[in-house]
Amino acid sequence: MKSANSVYLKDDREVRQPIWQTSIIGSGPKFQHAVDLTNAVAPSDVSVLLLGESGTGKEKFAEAIHLKSPRANKPFVRINCASLPPTLIESELFGHEKGVFTGAYERKTGKFERAQQGTIFLDEIGELPLMMQSKLLHVLQEKQIERIGGNASIPIDTRVIAATNRNLEKDVAEGTFRKDLFYRLNIFPITLPPLRDRKEDIRQLADYFLSMYNARFRKNIKGIAPEALMQLENHHWPGNIREMQHLFERAVLLCPTHTIHRFIEFDVADEAEKVAETKVKSLTEMERDHIVATLRRCKGKISGKDGAAELLDINPSTLVSRLKKLGISQVSVWKNDPISANDSYY
Ligand SMILES: Nc1ncnc2c1ncn2[C@@H]1O[C@H](COP(=O)(O)OP(=O)(O)OP(=O)(O)O)[C@@H](O)[C@H]1O
Ligand SMILES: [Mg+2]
């Protein structure tokens, strides 16, 4: 079932890789802006940088850009820059000649060569080691590669789409990402909004995933009860659309009736989130708690043998000024025993 408002970047016609789902669901203004940019850039050869949190659809958009481009019938080749050790990335990207290192039993063509006339998708580009960043920049500028151990330059005709969930500008400022490569990739950035910022799309996505998993599992779940819909709308979605997709996969599979009444996963997850939130204390709070606990242990004694200052290994006058700064009074130390709280510390 397709919702009437759904945005499709292209028809659901068969593509060479049938596992690709090309329908892109969403119509809220923030999402629509990303779709408009995608539609504008797709038919050109311009490099695109897809930005956004994990699970927001960067890979899906990369595929859509390729499929909407004149390169659609040529290969779309993806490389995950985070999943390979630095020593292997170069050979994966550019290939190697036979015998150039131990284990190189035959010549290997790299991803750039395999993406000739098509598109290369450099996923998780922010994780590329610095040494490889300069080699990649060189290739993007010169539009030619050399296989490891080879001495011929091979011209490449490949469109580049890169993606990251990192803040590359921050990485540039911290010196972990090359500024020149950043500018080379950042020609046409598209930022995909997190799901919590596009709650208006949740119903549409719910319809989409419901029909997807009904078909896949041969089920016939007809809808979602208002309470369950409210759960979807109130959730923070740290894993974005991927999290929602997995939620529906489980819910459709396990739902015993024709309606999903409640997503039980949220009851557990939201509880864990609450515990995590209450657990984090600031350093000042930690210091305050520690000083109060020590004072209690020393029965309120600050200086001298077995006093709090000695235990904390600081000067008694420094401890008194910390007490003042942190607003620790006799009353706060002895709040469960106000009779002891008859002196002032400062
Ligand atoms: N707008 C959308 N409509 C329908 N399905 C979507 C949409 N966006 C993403 N998805 C689905 O959500 C899942 C996650 O998307 P994708 O892998 O593209 O995210 P990502 O941004 O690349 O995540 P990561 O940073 O973790 O690699 C995929 O199964 C994808 O098909
Ligand atoms: Mg991805």
Look at the side chain of [X] and the backbone N and O of [Y], then say whether any donor-acceptor pair between them is shorter than 3.5 Å.
X    : Y    : answer
K58  : A162 : no
D171 : T176 : no
K60  : S23  : yes
T318 : I314 : no
E233 : A228 : no
N165 : G52  : no
R78  : I120 : no

Q. For L88, does the CG atom sit with more than 12 other heavy atoms under 6.0 Å from it, leaving out its own atoms?
A. yes

Basic-acidic side-chain contact under 4.0 Å: [X], [Y]:
X    : Y    : value
E113 : R147 : yes
K98  : E106 : no
E310 : K305 : no
E53  : R242 : no

Where [X] and [Y] come nearest, the two heavy atoms and their spacing:
X    : Y    : answer
P194 : T56  : CA-CG2, 3.8 Å
N39  : P43  : O-CD, 3.3 Å
L130 : R178 : CD2-CG, 3.9 Å
F31  : D201 : CB-OD2, 3.7 Å
A308 : L295 : CB-CD2, 3.8 Å

Do [X] and [Y] touch side chain to side chain, with heavy atoms closer than 4.5 Å?
X    : Y    : result
L128 : L122 : no
E142 : V139 : no
I89  : K111 : no
I202 : M244 : yes
I161 : L50  : yes
H258 : N220 : yes
L247 : L232 : yes
T119 : V77  : no

(Q) Just checking F248 against F263, ring centres under 6.0 Å apart? (A) yes

Q) For the ring pair F121 and F112, is the centre-to-centre distance below 6.0 Å? A) no

**Q.** Of K219, R218, Q245, the residue whose pairing with Y213 passes side-chain hydrogen bond (donor to acceptor under 3.5 Å, both in side chains)
**A.** Q245

(Q) For the CG atom of L140 and the OG atom of S47, what is their distance to the nearest 0.5 Å? (A) 7.0 Å

Q. Under 3.5 Å, is there a donor-acceptor pair between the T164 and E124 side chains?
A. no

